[in-house]
Amino acid sequence: MLQKPEMIFFDYGHTLCYEPVQDYPAGWAAVMEHAVENRSGVTAEELAALCMSTYRRVWDATRPLELETDGFKLDAELYECLGLEFDLPLEELEYIRWRATEPIMPMEGIEGFLALCAEKGIRTAVISNLSYSGAALRRRIDETLPFHRFEFILASSEGVFRKPSEWIFRRAMARARVTPEKCWFIGDDVRCDIEGAARAGIYPVWYKSPLKCTYKPESKTPPQCEFTRVESWDELGDILRGLI
């Protein structure tokens, strides 16, 4: 049964923020603009094809096991193997690549909902499945949602496990020093977010935006657990006010 939470954990992609396109070749092309040495003579197009095929092989092997990829280290390894050197630190290149790959914008209504949480003393944090580094994620969220008061932002790339593994939820709860019955998790992904949170004992809220997700197919089945479904942040705000 839905009860007032002490803390709410949020998914990032297609929950807090909307990503209208994913142009991966554009991302690696932006990286190559900063190459100062290219001993293999690789082109931007060749780099994009190699990186995406390598990432795909890693994802295919690890994600069924609920394990995550450290994309920052994978990028560094590929660049070194290709004899690429740059005029910027790799941390900045990762951020530039992500921005060129994927613009992001706040989901409609999220500012009001986060303000409501702050007003009512409900703590907030983020748990995101992401191969980009946690530092890059925090930077993008800070820029896109400057009004947030998240206590922390946890990317799966900072550890070993990814949602729906209970371990990433347990890590977040340990960091926040809360027990699962005092938490909500809000996300859009049926398996990773809703069923994953329920597996960890956290009450899940399925944020099913009418906007079509641009990087994964819609689930054909509803969550196989207890949950609350909403289609807007205003709708969830009304529910939360009714519990306070």
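Heads up: numbering here begins at 1 and tracks the sequence.
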Inter-residue atom distance [X].[atom1] - [Y].[atom2], 0.5 Å rounding:
X	Y	atom1	atom2	value
Ser133	Arg138	OG	CZ	7.5 Å
Phe227	Leu2	CZ	CG	12.0 Å
Phe10	His148	CZ	NE2	11.5 Å
Ile127	Leu154	CD1	CG	6.0 Å
Arg162	Asn129	CZ	CG	4.0 Å
Asp193	Ser219	CG	OG	11.5 Å

Is there a path of hydrophobic side-chain contacts, each under 4.5 Å between heavy atoms of I, L, V, M, F, W or Y residues, that connects [X] with [Y]?
X	Y	answer
Ile168	Trp59	no
Leu82	Leu93	yes
Met107	Leu114	yes
Val160	Leu65	yes
Tyr12	Ile186	yes

Could you tell me which non-hydrogen atom of [X] sits nearest to which non-hydrogen atom of [Y], and how far apart they are?
X	Y	value
Thr62	Thr69	OG1-OG1, 4.0 Å
Pro164	Glu66	CG-OE2, 3.5 Å
Pro103	Arg140	CA-NH2, 4.2 Å
Ala176	Arg123	O-NH2, 2.8 Å
Cys183	Thr179	SG-O, 3.4 Å
Arg149	Thr124	O-OG1, 3.5 Å

I would like to know whether Cys213 and Tyr215 meet side chain to side chain contact (heavy atoms under 4.5 Å, CB included); could you show each step before the answer?
CA-CA 6 Å; Cys213 186; Tyr215 56 87; 3.6 Å; yes
Around atom [atom1] of [X], are there more than 12 heavy atoms of other residues, nucleotides or ligands at under 6.0 Å?
X	atom1	value
Lys73	NZ	no
Glu77	CD	no
Glu80	CD	no

I'd like to know if the side chain of [X] and the backbone of [Y] have a donor-acceptor N/O pair within less than 3.5 Å.
X	Y	value
Glu235	Glu231	yes
Asp234	Asp238	no
Trp206	Gly187	no
Asp188	Tyr207	no
Ser53	Ala49	yes
His14	Leu211	yes
Ser156	Leu130	yes

Is there side-chain contact between [X] and [Y], with at least one heavy-atom pair below 4.5 Å?
X	Y	result
Val126	Phe9	no
Gln22	Thr214	yes
Ile239	Val205	no
Glu108	Trp233	no
Leu47	Cys51	yes
Thr101	Tyr132	yes
Tyr55	Asp75	yes
Pro20	Glu102	no

Evaluate salt bridge (charged side-chain N to carboxylate O under 4.0 Å, His left out) for Glu195 paired with Arg191, printing each intermediate quantity in order.
CA-CA 5 Å; Glu195 295 177 353; Arg191 179 172 176 268; 5.7 Å; no
Determine whether the aromatic ring centres of Tyr79 and Phe86 lie less than 6.0 Å apart.
yes
Are Phe169 and Phe185 near enough that their ring centres are under 6.0 Å apart?
yes
With side chain to side chain contact (heavy atoms under 4.5 Å, CB included) as the criterion, how do Val31 and Ile96 come out once you've worked through the C-alpha distance, each side chain's angles and the decisive distance to 0.1 Å?
CA-CA 7 Å; Val31 166; Ile96 288 170; 5.6 Å; no
In terms of side-chain geometry, is the basic nitrogen of Glu151 or Arg175 positioned less than 4.0 Å from the acidic oxygen of its partner?
no
Between Tyr18 and Ser209, does the side chain to side chain donor-acceptor pair (under 3.5 Å) criterion hold? Intermediate values first, please.
CA-CA 10 Å; Tyr18 178 63; Ser209 170; over 6 Å; no
Applying side chain to side chain contact (heavy atoms under 4.5 Å, CB included), run through Leu240 and Ile122 and close with a yes or a no.
CA-CA 10 Å; Leu240 184 57; Ile122 297 170; 3.7 Å; yes
Salt bridge (Lys or Arg N to Asp or Glu O under 4.0 Å) test vs Glu92 passes for just one of Arg139, Arg99, Arg97, namely Arg139
Show your working on salt bridge (charged side-chain N to carboxylate O under 4.0 Å, His left out) between Lys208 and Glu218 and close with a plain yes or no.
CA-CA 10 Å; Lys208 196 172 187 310; Glu218 184 174 350; 2.6 Å; yes
Give the C-alpha distance, both sets of side-chain angles, the deciding distance and a yes or no for salt bridge (charged side-chain N to carboxylate O under 4.0 Å, His left out) between Asp189 and Lys163.
CA-CA 10 Å; Asp189 189 286; Lys163 298 175 292 184; over 6 Å; no
Evaluation steps, side chain to side chain contact (heavy atoms under 4.5 Å, CB included), between Leu74 and Asp70
CA-CA 6 Å; Leu74 183 53; Asp70 185 339; over 6 Å; no
